[in-house]
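In the text below, chain A, chain B and the rest are named by the order of the sequence lines, each starting its count at 1.
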Protein chains: 2
Amino acid sequence: MPNSEELRQAGLKTTLPRLKILGILEDAADQHFTAEDVYKRLLDSGEEIGLATVYRVLTQFEGAQLVIRHNFEGGRSVFELNDGKHHDHMVCVKCSKVIEFYNQQIENLQTEVAEDHSFTLQEHALVMYGLCSDCVA
Amino acid sequence: MPNSEELRQAGLKTTLPRLKILGILEDAADQHFTAEDVYKRLLDSGEEIGLATVYRVLTQFEGAQLVIRHNFEGGRSVFELNDGKHHDHMVCVKCSKVIEFYNQQIENLQTEVAEDHSFTLQEHALVMYGLCSDCVA
DNA sequence: ATGTATGCAAAACATTTGCACCTGG
DNA sequence: CCAGGTGCAAATGTTTTGCATACAT
């Protein structure tokens, strides 16, 4: 279970739901969860936390920059712990595995393109869809 | 109004709703519409076409590669005519304007990154969020 | 004619919100 | 104690579906 200090720093009161949810995200820091995923894990570990609270907490965490929310294909949002290091994603269309990557050249080119169009870039999302090495076999 | 041949080639029977919807998309080939946008335009031009039909037709068009569906931020899907030329998008977070762009170097780098991870790339979506030149002023 | 498409209303989802109750500091 | 957080249920917004009717070939 995470230190309550992390929540304090984010300006959030230390409560059991918040600690539990942050714990789940930290235990699998490289994974991506839907709100429902988090909710199921809470139930599995015997917690009585409502789905609405999961949504509220994840939204607060997003506001506090503790997590990042993604809108991959399929209508539902996925959340991942924000480790401070920006990266982009490859999503396997078969097994839904998510691979993270970072390419400085691509980042630089995006900045250039934005400048060429007088566009003030705030953030971006690059998602590549395809088959991971396990699924292509 | 578009030629019924385009629908025929896509394997879709020529019907009035399909022709009308395709017409709207073609009349503004560089714009991006939500299903509701298309529905409103139909109503404005006096057509009695249900929203459910708009969704069904757009989904069929997507399957037929006539249109491309995007999941930008904000929960709703947007559709654009598929002109066959791949491109990526900048979305203004203030006025929702969509600017298209294409950068061959970025495309190439994506292919490289995928290869480096033994990932079989099928498609990708690069969306840059920020302020367009009108909104930054 | 006949199989497919459409319209409407209802269902299905993901997410948000109102409100009474509970909790952390 | 008291502001803020949580649970539940109901509301919301978008997209899908069931079914009877209408249409294209």
Trainee: Any side-chain donor paired with an acceptor under 3.5 Å for B/Glu100 and A/His117?
Mentor: no
Trainee: Give the rounded distance in Å between these two atoms: NZ of A/Lys20 and P of C/dG24.
Mentor: 13 Å
Trainee: Does any pair with a residue in residues 40-51 of chain A pass side chain to side chain donor-acceptor pair (under 3.5 Å), and if so which ones, sequence neighbours excluded?
Mentor: A/Lys20-A/Glu47
Trainee: Check every strand shown and say whether B/Ser77 touches a base, only sugar-phosphate, or nothing at a heavy-atom separation below 4.0 Å.
Mentor: sugar-phosphate
Trainee: Which helical stems does DNA chain D take part in, if a stem means at least 3 consecutive Watson-Crick or G-U pairs with both distances below 3.5 Å?
Mentor: C:1-25 with D:1-25
Trainee: Rounded to the nearest Å, what distance is computed from the CD atom of residue A/Glu5 to the C1' atom of nucleotide C/dG24?
Mentor: 16 Å
Trainee: In whole angstrom, what separates B/Glu47's CD from C/dG7's C1'?
Mentor: 14 Å
Trainee: For a side chain to side chain contact (heavy atoms under 4.5 Å, CB included) with B/Phe33, tell me which candidate from B/Val78, B/Leu25, B/Val67 qualifies.
Mentor: B/Leu25
Trainee: Nearest-Å distance, CG (B/Leu58) to P (C/dA5)?
Mentor: 15 Å
Trainee: Any luck finding a side-chain donor-acceptor pair between B/Asn108 and B/Thr111 under 3.5 Å?
Mentor: no
Trainee: So, B/Arg69 and B/Thr59: side-chain donor and acceptor under 3.5 Å apart, yes or no?
Mentor: yes
Trainee: Contact class for B/Arg69 (heavy atom, under 4.0 Å): base, sugar-phosphate, or nothing?
Mentor: nothing
Trainee: When you measure from the side chain of B/Asn82 to the backbone of B/Gln65, do you find a donor-acceptor pair of N or O atoms at a distance under 3.5 Å?
Mentor: yes
Trainee: Send over the distance from B/His70 NE2 to D/dT15 P, rounded to a whole Å.
Mentor: 14 Å
Trainee: Mind checking whether B/Thr34 and B/Phe79 have side chains closer than 4.5 Å, heavy atoms only?
Mentor: no
Trainee: Figure out the CG/C1' separation between B/Leu42 and C/dG7, and round it to whole Å.
Mentor: 14 Å
Trainee: Check whether any side-chain nitrogen or oxygen of B/Tyr55 sits under 4.0 Å from OP1 or OP2 of D/dT15, and answer yes or no.
Mentor: yes
Trainee: Any side-chain to backbone donor/acceptor pair from B/His87 onto B/Lys85? Under 3.5 Å, distance only.
Mentor: yes
Trainee: Can you tell me the distance, in whole Å, between the CZ atom of B/Phe79 and the C1' atom of D/dT14?
Mentor: 11 Å
Trainee: Produce a footprint string for nucleotides 2-8 of chain D: one letter per nucleotide, 5' end first; B if the base is under 4.0 Å from any protein heavy atom, S if only the sugar-phosphate is, - if neither.
Mentor: --SSSBB
Trainee: Specify the separation, in whole Å, of atom OH of B/Tyr39 and atom C1' of D/dG13.
Mentor: 15 Å
Trainee: May I ask you to decide if the ring planes of B/Phe72 and B/His32 are parallel, tilted or perpendicular, using 30° and 60° as cut-offs?
Mentor: tilted
